Amino acid sequence: MSDATVERPLEPLWRGLLFYRVLTLVTTTAVVLWTLDEHASPAGAVAVQAGMAAWTAVIGRGYLGGMPRGRLALADLVVTSAVIATTPLVQTAAQIDADAPVSGSIWTPCAVLACALAFDVRGGLGGAVVLCSVLLAVSARAEAELGDIQLIVLVAVSIGYASTVLRRQAERLRTAIGQQAAMAERERLARVVHDGVLQVLGYVHRRGQELGGDAASLASMAGEQEVVLRTLLTTGGAPTGADGLRDVADALRMLGVGRVSVSTPAHPVRLPAAAVGELVAVVGAALANVARHVGPDAPAWVLVEDLGDAVEISVRDEGPGIPDGRLDEAAEQGRLGVARSMRGRVRDLGATITCETGPGRGTEWIIRMPREQT
């Protein structure tokens, strides 16, 4: 499937609408010229047809030239309604009483179809209501227009539904193409990393366990990073959707290996991809502090909560806690791990981070991300 079909799934329908518009313009012009002597104002009828031809050229150029189609569709509806409204001015009373075609005739429903393509079913129905209201206003017998009104509404609903389906299919296809490309890239990276980083981490893990002592701690950390890296290469983490959002819960589950337990809601917790990346980095920094200050085998817990108007993430350990003033002292001494890697990132996101700690009761970092910031 071509890129144009994926990025612009409704393009064939727009082109088909323009072809239909030109075809109906030719037909209505031929009918008007054939019955020109019967009109109350032959010159007015010709002027209306000339206006329709000019507007068809303008709207065709706009639809194919990349102009905002939603605005053009609304303008189209206004112009078409004006064309219908000229009926009492160019037709005789006898023509109106005989239920002769109104000004524009079969050319006029094109505006409703354009609204359906631009705004889906609701846009099509709204356009049909406007157009049919004008049609009833110039008709001598409302019951004679019911068949045309029913046809206009049914076509508007059908085209609106078709446009909705095509948009959704195109979005799913874009997601599938993105995932396929990401999978191919992961496979390429996996081959490269397996021959280098993973083998080194595996060797450090095995050799450190053999040596024991401080080397065993390094071996444990190397083993954890090997598992994380293998998992990342296998699953790729949380993918980014076509709307630019990622599931932060899925992304944080990647950190749940070995000593780290991650609890998340069953449903996706979607946030902007950039924010998810920063939140994962903050949680990763908190877990690194647990390994550094509490111990490489010290357990830690990550909890993700979707509060509706905000997303809250907490990282907790059961270490000795952080003494009062220790964080400020570390920042003054130039050790900016917490200040820059955690608090700085969270502040840049427009979120908040608090630390609940004390002697003998461990440490808990709580990150709150308001959804209005996203």
Side-chain angles (χ1 to χ4, degrees), residues 1-29 48-49 51-85 101-136 145-178 241-244:
M1 184 171 292
S2 65
D3 293 340
T5 303
V6 176
E7 297 301 326
R8 295 179 293 175
L10 301 184
E11 197 64 24
L13 293 182
W14 283 107
R15 294 181 180 276
L17 173 61
L18 293 177
F19 177 77
Y20 174 74
R21 183 183 290 271
V22 173
L23 187 64
T24 55
L25 175 66
V26 172
T27 302
T28 56
T29 301
V48 170
Q49 290 300 129
M52 290 165 52
W55 180 247
T56 298
V58 170
I59 207 72
R61 182 179 179 86
Y63 283 146
L64 298 181
M67 295 180 65
R69 286 173 171 171
R71 296 179 182 178
L72 287 174
L74 294 177
D76 197 6
L77 186 62
V78 173
V79 172
T80 301
S81 299
V83 169
I84 298 176
V102 299
S103 295
S105 186
I106 58 175
W107 179 86
T108 56
C110 295
V112 176
L113 302 183
C115 289
L117 288 177
F119 303 109
D120 301 332
V121 175
R122 289 177 295 182
L125 286 175
V129 169
V130 173
L131 193 70
C132 292
S133 298
V134 178
L135 185 63
L136 290 174
E145 306 294 342
L146 293 181
D148 291 340
I149 290 174
Q150 182 181 16
L151 182 60
I152 291 173
V153 171
L154 289 177
V155 171
V157 171
S158 300
I159 296 298
Y161 176 74
S163 66
T164 301
V165 171
L166 287 174
R167 284 192 179 94
R168 291 176 178 174
Q169 288 181 339
E171 182 177 348
R172 287 195 290 266
L173 184 58
R174 283 194 295 268
T175 301
I177 292 174
D243 53 4

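Just so we're clear, the structure is a prediction, and the values are computed from it rather than from any experiment. The analysis underlying the following values was restricted to heavy atoms, covering all of them including side chains, and did not include hydrogens, waters or symmetry mates.
- When side chains are defined from C-beta on, S133 counts as touching V129, because their heavy atoms get closer than 4.5 Å.
- Listed here is the closest heavy atom pair of V134 and A85: CG1-N, 4.2 Å.
- Minimum heavy-atom separation, T108 to T80: O-CG2, 3.3 Å.
- When the options T27, T56, V26 are evaluated for a side-chain contact (heavy atoms from CB on, under 4.5 Å) with W107, the one that passes is T56.
- Shown here are the salt bridge (charged side-chain N to carboxylate O under 4.0 Å, His left out) partners of R167, two or more places apart in sequence or in another chain: D120.
- Atom-to-atom distance recorded for L25:CG and S105:OG is 11.5 Å, nearest 0.5 angstrom.
- Under the 4.5 Å side-chain criterion, counting only non-hydrogen atoms from C-beta, F19 is not in contact with V22.
- To the nearest 0.5 Å, atom CG of residue D76 and atom CG of residue L17 are 8.0 Å apart.
- Taking both residues in full, the closest heavy atoms of V121 and G160 are given as CG2-C, 3.5 Å, listed atom of the first, atom of the second, then distance.
- Of all heavy-atom pairs spanning R69 and Y63, the tightest one is NH2-O, 2.7 Å.
- S163 OG to L13 CG: the interatomic distance, rounded to the nearest 0.5 Å, is 8.0 Å.
- You'll find the side chain of V79 stays beyond 4.5 Å of the side chain of I59, heavy atoms only.
- Atom CD of Q169 has more than 12 neighbouring heavy atoms from other residues, nucleotides or ligands inside a 6.0 Å radius.
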Less than 3.5 Å apart, which donor and acceptor atoms pair up between the side chains of residues 151-158 and the rest of the protein, not counting sequence neighbours?
| from | atom 1 | to | atom 2 | distance (Å) |
| --- | --- | --- | --- | --- |
| S158 | OG | L154 | O | 2.9 |

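- A pairwise comparison of heavy atoms in F119 and A73 identifies CE1-CB, 4.5 Å as the closest pair.
- The heavy-atom pair separating T28 from Q49 by the smallest distance is OG1-NE2, 3.6 Å.
- Distance check, rounded to the nearest 0.5 Å: CD1 of I159 to SG of C115 gives 12.5 Å.
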